[in-house]
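Convention: sequence-line order gives letters A, B, ...; per-chain numbering from 1.
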Number of protein chains: 2
Amino acid sequence: MSTSSEDLRAIALGEFATAGYSATSLHRIADIAGLSKSSVLYHFSSKEALLEAAVAPAIDRMEQILEGLESNSLAAEGRAAFLVEFVDFILQYRREVHIFINQGPSLVAVPVIDRANDLVRRLAAFFAANTASLEEKMRFGIALGGAAYMLCTEDSLALQSAPLDETRAALVAILTGLLSPVEAPQKTED
Amino acid sequence: MSTSSEDLRAIALGEFATAGYSATSLHRIADIAGLSKSSVLYHFSSKEALLEAAVAPAIDRMEQILEGLESNSLAAEGRAAFLVEFVDFILQYRREVHIFINQGPSLVAVPVIDRANDLVRRLAAFFAANTASLEEKMRFGIALGGAAYMLCTEDSLALQSAPLDETRAALVAILTGLLSPVEAPQKTED
DNA sequence: AACCTATCTGACCGATCGGTCAGGCACTGT
DNA sequence: ACAGTGCCTGACCGATCGGTCAGATAGGTT
């Protein structure tokens, strides 16, 4: 409820995403917030709890999207709707997604990250089940990891300060091209 | 020259890529190698030196590719040749590239990583100079980050144990689709 | 024999890590 | 005035970090 907790959550989220979880000390988070390390541990009982608070909303939303995806049919329009939903998700929670994608494998044994890893695996399994092709699986991995990377590396690349709706439209177009079932593939042999 | 040095380099490369540089202790590297921490520091004067030894070959190769790209013209066939060259590079040095891409921003102040970050920026600037479109820049970022992610997360995704040449062909096809200049863009207003 | 070098090791160091604890301070209700 | 509560703090703890150092061992050279 207090502003400090929310401030700390936001600061931690940014630092965990940019510098990495294990490379970010509680002391550093406290300094940025203008508090002492003890105060951070007053609001969050441990560093793990702070990570959990930072990424939990994104995981909940992700789980919600995935359940809807798995329960519904996979008609072409359903797939397109999912894609827009997923783009909005990744835009809203870009830092959280960046944490899952880049630090998920290294943060096993952290329960909240294990949940995220399971979700990624479920999503991958879903796509793999519908496409046995190696290239399609690779397209999925590139779309997922690439979007997470690109949206959190705007500065280092040349694409800072673009209007959100333009970014959104472009991302939908790119991911559609990457993930849509290839109806007219480059190899039309038969 | 001794096998220990090369073993340590390989172990460190794997651990730095999967667990992260700051999350990997010298003790852990020594344990995997069956040596003591002191022995690791005998072969490499510091943890940073070990990181540098692990990724330097990839950086050298990357720099070589980039110089060739910047000096040559950018005709369509030149671009296609670069893409194949780049795919082979990223396949050979996938773990090193994964380190650059995912831990580059957090490992500033490490000279060898700064070199890598500069190379990524130069590559991004090169693509940005030839394409002012936001979507093209995003495509570049997704291709770069996505390939690095996908090639190092084969296990978590569903695409383990594919023949290398199949992976190579698919990656060339995907990146070609992502990076080839859109000759018939959706916005043809003028 | 003596010597040198390469490789490896345990003991040790200061710094920093995440986390605990007792208490200070301001405010509120009684 | 008093007690309770929310927020914050410095002092402190054990563990682990990267790194140093003085040797131990082995093999090769003379």
For residues 13-34 of chain B, which residues have at least one heavy atom under 4.0 Å from DNA chain D?
-> B/Thr24, B/Ser25, B/Leu26
If you look only at pairs with a residue in residues 9-18 of chain A, which of them pass as a side-chain hydrogen bond (donor to acceptor under 3.5 Å, both in side chains), with sequence neighbours excluded?
-> A/Glu6-A/Arg9, A/Glu15-A/Arg28
Taking only the side-chain heavy atoms of A/His43 (C-beta and beyond), determine which of D/dC8, C/dC8, C/dG19 contains the nearest atom.
-> D/dC8
Would you please name every residue forming a side-chain contact (heavy atoms from CB on, under 4.5 Å) with B/Ala170, sequence neighbours left out?
-> A/Glu135, A/Met138
Could you label the plane-to-plane angle of the B/Phe82 and B/Phe127 rings as parallel, tilted or perpendicular, counting under 30° as parallel and over 60° as perpendicular?
-> tilted
Can you check whether B/Ser39 has a side-chain N or O nearer than 4.0 Å to OP1 or OP2 of C/dT9?
-> yes
Listed partners of B/Arg94 passing side-chain contact (heavy atoms from CB on, under 4.5 Å), at least two apart | B/Leu91, B/Leu151, B/Cys152, B/Glu154, B/Leu164
Measure distances between side-chain N and O atoms of A/Lys47 and base N and O atoms of C/dG19, and say whether any donor-acceptor pair falls under 3.5 Å.
-> no
Quantified as the angle between the terminal helix axes (five pairs each), what is the overall bend of the helix from C/dA1-D/dT30 to C/dT30-D/dA1 to 10 degrees?
-> 20°
Would you mind reading off the distance between B/Glu6 atom CD and C/dT7 atom C1', rounded to a whole angstrom?
-> 17 Å
List for me each residue that meets salt bridge (charged side-chain N to carboxylate O under 4.0 Å, His left out) alongside A/Asp114, sequence neighbours excluded, and say none if there are none.
-> none
Looking only at side-chain atoms of A/Leu41, point me to the closest of C/dT20, C/dT9, D/dC8.
-> C/dT20
Partner set under side-chain contact (heavy atoms from CB on, under 4.5 Å) for B/Asp118, not counting sequence neighbours | B/Arg121
Between A/Tyr42 and D/dC7, does any side-chain N or O lie under 4.0 Å from OP1 or OP2?
-> yes
Over how many whole Å does the gap from B/Lys37 atom NZ to D/dC17 atom C1' extend?
-> 7 Å
A/Ser38 vs C/dT20: side-chain N/O to OP1/OP2 distance below 4.0 Å | no
Minimum-distance pair of heavy atoms, taken over all atoms of B/Ser106 and A/Ala19 = CB-O, 3.2 Å
Separation of C/dT20 C1' from A/Phe44 CZ (nearest whole Å) = 19 Å
Output a table of donor-acceptor pairs, distance under 3.5 Å, between side-chain atoms of residues 49-67 of chain A and any protein atom two or more places apart or on a different chain; print 'none' if there are none.
residue: A/Asp60; atom: OD1; partner: A/Arg115; partner atom: NH2; Å: 3.2
residue: A/Glu63; atom: OE1; partner: A/Arg115; partner atom: NH2; Å: 2.8

Would you mind listing every ring-ring contact (aromatic ring centres under 6.0 Å, His included) that reaches into residues 90-116 of chain B, with sequence neighbours excluded?
-> B/Phe89-B/Tyr93
Taking OP1 and OP2 of D/dG19, is either one under 4.0 Å from a side-chain nitrogen or oxygen of B/Ser45?
-> no
